[in-house]
Amino acid sequence: MTDIESLKGFYDRYPEEFAAWRGVIDVVETTAAEFGFREIDTPAVERRELYEIKSGEELMDQTYSFEDRGGRQVTLTPEQTPTRARLVQQRKDLKTPIKWYDTSKRWRYENVQKGRDREFFQTDVDVFGIESVEADAEVIAVAATIYDRLGVADRVEFLINDRTLLDALLEAEGIDNTDEVMGVVDDKEKLAREEFLTELRNTGVTHEAAERIDELTAIRGPITEEIDRLRELAPDDEDAVEAVDRMADLADALESYGVADVCKLDLSIVRGLAYYTGLVFEAFDSEGELRALFGGGRYDDLVGLFGSQDVPAVGFAFGYSTTRELLKKEGEWPAEELSTDVYVAAVSGDVREEALGFASDLREAGLVVETDLASRGLGGQFEYADSINAETVLIVGQRDLDDGVVTVRDMDSGDERRVPVEDVVDELA
């Protein structure tokens with residue numbers, strides 16, 4: 001037979017490896033749930049037109065799209081935000097704030113590289129229906145709390161900007177083509193300074209304006225410390241002052257959440273020009289060894305494209321592939337191994353029914369329990385218990401049962417003790 005391997009950029013994850021993935025996913029999902037976000041479940045396949053409305057030509061070129069047997073043009077989900085916008089429009093009775101999270105696979109035909117795959121997990125965390133600094137701060141706080149719980153808070157920083165703020169600052173400088181200019185700003189980190197100034201001049205701005213834009217977009221530092229500097233540099237313009245005030249309010253809210261120390265104001269962060277409308281942020285490896293871990297922001301205009309109601313929204317999509325590289329580098333990636341609480345070993349077939357009874361009772365108490373399915377001898381059962389990292393083996397033998405006890409072995413130390421039958425569940429649970 002021909003050996004058939006998985007496709008490039010798609011991965012087989014056996015139980016030992018996926019146990020580590022599950023551990024990280026659990027941290028992300030538990031954190032979102034503790035902030036009051038509710039889990040949803042959405043389709044893996046959508047009508048292609050859902051993404052054509054707003055996603056842009058580059059993303060559409062990367063999609064896995066095809067015609068189904070009903071003649072419909074469909075697409076494997078490359079991102080979930082359009083789906084969420086559709087869901088919000090379909091239910092006019094939803095009470096705000098609408099706070100949702102979901103972890104699922106996404107598909108994009110990209111160039112496979114470290115931290116970038118063609119099939120990948122993401123967890124989306126979003127607030128719909130609220131246009132406030134408090135909502136912005138909460139989604140950032142969720143993200144920061146996740147990295148704290150993953151043990152790498154000191155290696156992650158959040159670079160924050162507000163597209164409304166940057167737009168107001170540019171307009172106050174007399175620049176009309178702000179979207180075109182921000183497109184150049186979005187590429188600033190890839191360009192040398194002279195290249196950046198040249199690209200700005202190519203948009204039609206003067207040399208003096210280009211210099212001013214370079215100065216403004218060089219602002220980067222702790223968000224609570226940069227507000228005063230921003231006020232000094234911002235023109236005395238109503239829109240600019242209002243935008244700076246909003247950023248100051250965001251800084252205060254982030255302080256209240258206790259996450260301001262990992263947040264930096266960075267006026268060069270722009271993200272998708274056709275997508276985000278206000279707040280934008282990206283999580284970065286603070287030591288600069290990895291590309292952006294993930295990003296998010298406010299997209300107040302998107303939901304309205306899919307129906308009659310305009311609904312403000314803010315959120316982020318947590319990427320696991322790059323975060324995995326960071327956790328591995330810091331020694332915080334969970335152990336890729338199986339975990340079993342108890343293995344119940346029957347000394348002989350005569351006590352198998354009793355052994356299964358103990359296993360059922362222990363599972364009822366919330367433990368992960370395995371029993372023998374292969375009619376192995378006691379030695380073979382111990383060997384298997386070791387292979388699944390069983391913490392404890394419960395040995396069920398007729399002689400012990402006649403005495404009203406069973407034997408419990410600690411697999412790390414090898415110590416054994418006899419436990420009364422009626423106390424087994426309480427002791428092991």
Side-chain angles (χ1 to χ4, degrees), residues 54-62 110-111 113 157-223 225-248 250 263-286 288 290-292 295-302:
K54 191 67 173 176
S55 295
E57 186 175 335
E58 181 182 0
L59 176 62
M60 295 312 301
D61 288 342
Q62 295 173 349
E110 296 189 282
N111 292 325
Q113 54 185 283
E157 63 183 11
F158 292 85
L159 304 185
I160 298 172
N161 191 12
D162 189 317
R163 289 268 299 283
T164 306
L165 169 62
L166 183 57
D167 192 65
L169 294 175
L170 294 176
E171 287 185 354
E173 294 292 331
I175 296 168
D176 297 324
N177 57 334
T178 56
D179 279 355
E180 189 178 3
V181 168
M182 281 195 279
V184 177
V185 173
D186 197 28
D187 291 331
K188 183 176 183 178
E189 67 174 31
K190 306 172 188 174
L191 304 172
R193 183 173 184 273
E194 286 306 316
E195 291 176 315
F196 179 61
L197 294 175
T198 298
E199 290 294 323
L200 288 173
R201 288 194 294 270
N202 288 341
T203 68
V205 305
T206 66
H207 177 74
E208 291 75 16
E211 294 273 1
R212 180 65 171 165
I213 294 167
D214 183 45
E215 180 184 12
L216 286 170
T217 55
I219 293 178
R220 178 178 178 179
I223 190 167
E225 298 176 13
E226 292 296 325
I227 298 299
D228 290 340
R229 181 183 173 203
L230 194 59
R231 290 192 192 283
E232 293 175 3
L233 290 173
D236 186 16
D237 171 90
E238 183 179 351
D239 289 340
V241 171
E242 183 179 337
V244 173
D245 287 342
R246 192 180 196 284
M247 185 61 72
L250 176 62
C263 297
K264 290 185 177 179
L265 177 67
D266 187 332
L267 291 190
S268 70
I269 298 295
V270 175
R271 294 187 62 77
L273 286 166
Y275 197 85
Y276 293 104
T277 57
L279 170 77
V280 286
F281 66 88
E282 292 185 346
F284 278 91
D285 170 13
S286 60
L290 299 166
R291 65 182 181 84
R298 180 162 286 283
Y299 50 100
D300 292 336
D301 297 339
L302 183 65

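Here the structure is a predicted model, which means the values were calculated and not measured. Only this structure's heavy atoms are used, side chains among them; waters, hydrogens and symmetry mates stay out.
Under the salt bridge (Lys or Arg N to Asp or Glu O under 4.0 Å) criterion, the residue pairs touching residues 164-176 are Glu173-Arg212, with sequence neighbours excluded.
Partners of Asn202 by side chain to side chain donor-acceptor pair (under 3.5 Å), not counting sequence neighbours: none found. Glu195 pairs by the side chain to side chain donor-acceptor pair (under 3.5 Å) definition with nothing, not counting sequence neighbours. With sequence neighbours excluded, the residues that form a ring pair (Phe, Tyr, Trp, His ring centres under 6.0 Å) with Tyr299 are Tyr275. Shown here are the side chain to side chain donor-acceptor pair (under 3.5 Å) partners of Asp301, two or more places apart in sequence or in another chain: there are none. With sequence neighbours excluded, no residue satisfies side chain to side chain donor-acceptor pair (under 3.5 Å) with Asp187.
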Q: Could you give me the CA-CA distance, side-chain angles and deciding distance for Val185 and Phe196, then say whether side chain to side chain contact (heavy atoms under 4.5 Å, CB included) is met?
A: CA-CA 8 Å; Val185 173; Phe196 179 61; 4.2 Å; yes
Q. Are Leu267 and Leu230 close enough, and set up right, to give a side chain to side chain contact (heavy atoms under 4.5 Å, CB included), and what steps lead you there?
A. CA-CA 10 Å; Leu267 291 190; Leu230 194 59; 3.7 Å; yes
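Taking both residues in full, the closest heavy atoms of Leu197 and Ala210 are given as CD2-O, 3.5 Å, listed atom of the first, atom of the second, then distance. When all heavy atoms of Phe158 and Ala283 are compared, the pair lying nearest together is CE2-CB, 3.7 Å. Smallest separation of non-hydrogen atoms from Ala209 and Ile175: CB-CD1, 4.5 Å.
Atom CD of Glu110 has more than 12 neighbouring heavy atoms from other residues, nucleotides or ligands inside a 6.0 Å radius. More than 12 heavy atoms of other residues, nucleotides or ligands shown are found within 6.0 angstrom of CD on Gln113.
Ile160 CD1 to Glu226 CD: the interatomic distance, rounded to the nearest 0.5 Å, is 12.5 Å. Rounded to the nearest 0.5 angstrom, Leu250 CG and Ile227 CD1 are separated by 8.0 Å. Going from atom CD of Glu211 over to atom CD of Glu215 covers 9.0 Å, rounded to the nearest 0.5 Å. Put simply, OG1 on Thr198 and NE2 on His207 are 9.5 Å apart, with the number rounded to the nearest 0.5 Å. For the atom pair CD of Glu194 and CD of Glu199, the computed distance is 12.0 Å after rounding to the nearest 0.5 Å. Note that CD1 of Ile219 and CG of Leu169 are 7.5 Å apart. Values are rounded to the nearest 0.5 Å.
Within the 4.5 Å cutoff, the side chain of Leu166 has no heavy atoms near those of the Arg163 side chain. The closest side-chain heavy-atom distance from Glu225 to Leu265 is not below 4.5 Å. At a threshold of 4.5 Å between non-hydrogen side-chain atoms, the residues Arg246 and Thr164 do not count as touching. A heavy-atom distance below 4.5 Å is found between the side chains of Ile213 and Leu170. Side-chain contact between Arg231 and Asp245 is present, with heavy atoms from C-beta onward closer than 4.5 Å.
Between the Asn161 side chain and the Ile269 main chain, a donor and an acceptor come within less than 3.5 Å of each other. Thr277 contributes a side-chain N or O that, together with a main-chain N or O of Asp300, makes up a donor-acceptor pair within less than 3.5 Å. A side-chain donor-acceptor contact under 3.5 Å links Asn177 to the backbone of Thr203. With hydrogens and angles ignored, the 3.5 Å screen pairs no side-chain donor or acceptor of Arg271 with any backbone N or O of Gly297.
Look at Lys264 and Glu282 and you find no salt bridge, because none of the NZ, NE, NH1 or NH2 atoms lies under 4.0 Å from a carboxylate O. Between Asp214 and Lys188, at least one side-chain nitrogen of the basic residue sits less than 4.0 Å from a carboxylate oxygen of the acidic one, meeting the salt-bridge criterion. Contact check on Arg220 versus Glu157 returns a salt bridge, with a Lys/Arg side-chain nitrogen under 4.0 Å from an Asp/Glu carboxylate oxygen.
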